[in-house]
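Note that these values count all heavy atoms, side chains included, but never hydrogens, waters or copies made by symmetry. We're numbering straight along the sequence, starting at 1.
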Amino acid sequence: MALTKSDFKEMRKVVSESVTDIVVDASQLILSGIQKMFDVRDIRFDVHDKKLDKLTKDIQSIKLDTRFIKDDIAGINGELGLKASKKDIIKLTQKVENYHPSN
């Protein structure tokens with residue numbers, strides 16, 4: 001039994017449909033795998049974004065606390081008078097010169 005021209009056309013059609021089905025199935029499998037990778041990546045980014053947001057809030061809180069501490073230190077310095085004014089230094093220098101002249 002010899003194959004006719006129409007038999008070859010039919011075989012070509014069957015092979016073409018089979019190859020198309022295989023390519024479509026493989027493409028869908030590849031695309032679903034890629035989609036899973038993106039989904040996992042998005043989940044990881046969400047976790048990192050939440051951590052970054054928390055760190056940003058913590059840093060802002062620390063900056064605010066530091067500002068209050070600096071203000072407290074400035075207030076304590078002012079209250080305790082840890083720094084002598086230039087006027088006070090001149091007065092003290094004059095008193096020392098009166099009792100212990102450098103000449």
Side-chain angles (χ1 to χ4, degrees):
M1 176 166 168
L3 295 172
T4 64
K5 196 173 189 178
S6 70
D7 291 336
F8 282 116
K9 283 183 181 180
E10 185 63 32
M11 282 183 8
R12 184 180 299 175
K13 181 180 175 186
V14 169
V15 169
S16 177
E17 288 173 357
S18 296
V19 169
T20 301
D21 289 343
I22 291 169
V23 168
V24 168
D25 290 344
S27 298
Q28 288 176 346
L29 185 63
I30 290 169
L31 290 175
S32 69
I34 291 172
Q35 185 61 49
K36 285 179 185 176
M37 287 184 346
F38 279 113
D39 292 344
V40 168
R41 184 205 60 173
D42 290 344
I43 290 170
R44 288 181 182 164
F45 277 135
D46 288 343
V47 169
H48 290 296
D49 286 344
K50 288 178 185 176
K51 288 180 180 179
L52 185 60
D53 288 344
K54 184 181 181 319
L55 286 174
T56 302
K57 288 177 185 175
D58 290 346
I59 289 171
Q60 293 302 326
S61 175
I62 290 170
K63 284 182 178 179
L64 185 63
D65 290 345
T66 304
R67 190 174 321 134
F68 287 131
I69 291 170
K70 286 180 180 178
D71 289 345
D72 289 345
I73 290 171
I76 291 170
N77 280 339
E79 288 174 11
L80 297 178
L82 296 177
K83 283 185 162 180
S85 68
K86 187 172 182 178
K87 185 177 177 182
D88 292 337
I89 292 173
I90 292 172
K91 283 182 183 180
L92 184 61
T93 306
Q94 288 172 348
K95 284 182 181 179
V96 169
E97 283 294 322
N98 286 339
Y99 291 104
H100 303 285
S102 58
N103 292 339

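Going from atom CG of Leu64 over to atom CZ of Phe68 covers 4.5 Å, rounded to the nearest 0.5 Å. A distance of 11.0 Å separates CG of Asp42 from CZ of Arg44, quoted to the nearest 0.5 Å. Put simply, CG on Asp71 and CD1 on Ile73 are 9.5 Å apart, with the number rounded to the nearest 0.5 Å. From Thr4, atom OG1 reaches atom NZ of Lys9 across 10.0 Å, with rounding to the nearest 0.5 Å. Taking NZ of Lys54 as the reference point, atom CG of Leu52 lies at 12.0 Å (rounded to 0.5 Å). To the nearest 0.5 Å, atom NZ of residue Lys51 and atom CG of residue Asp58 are 13.5 Å apart.
For the side chain to side chain contact (heavy atoms under 4.5 Å, CB included) test with Ser27, the passing option among Asp25, Val24, Val23 is Val23; the others fail.
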Trace of the side chain to side chain contact (heavy atoms under 4.5 Å, CB included) decision for Lys87 with Lys91: CA-CA 6 Å; Lys87 185 177 177 182; Lys91 283 182 183 180; 4.2 Å; yes

Using the side chain to side chain contact (heavy atoms under 4.5 Å, CB included) rule, take Glu17 and Lys13 through it: C-alpha gap first, then chi angles, then the decisive distance, then the call. CA-CA 6 Å; Glu17 288 173 357; Lys13 181 180 175 186; 3.4 Å; yes

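In this structure, Arg12 places its CZ atom where only 12 or fewer heavy-atom neighbours from other residues, nucleotides or ligands lie under 6.0 Å away.
No donor-acceptor contact under 3.5 angstrom links the side chains of Asn98 and Gln94, judged on distance only.
For Ile62, the side-chain contact (heavy atoms from CB on, under 4.5 Å) partners at least two apart in sequence or on another chain are Thr66. For Leu29, the side-chain contact (heavy atoms from CB on, under 4.5 Å) partners are Ser32, not counting sequence neighbours.
Between Lys50 and Asp46, none of the side-chain N atoms (NZ, or NE/NH1/NH2) sits under 4.0 Å from a carboxylate O, so this pair counts as no salt bridge.
Without hydrogens or angle criteria, Ser61 side chain to Lys57 main chain gives no donor-acceptor distance under 3.5 Å.
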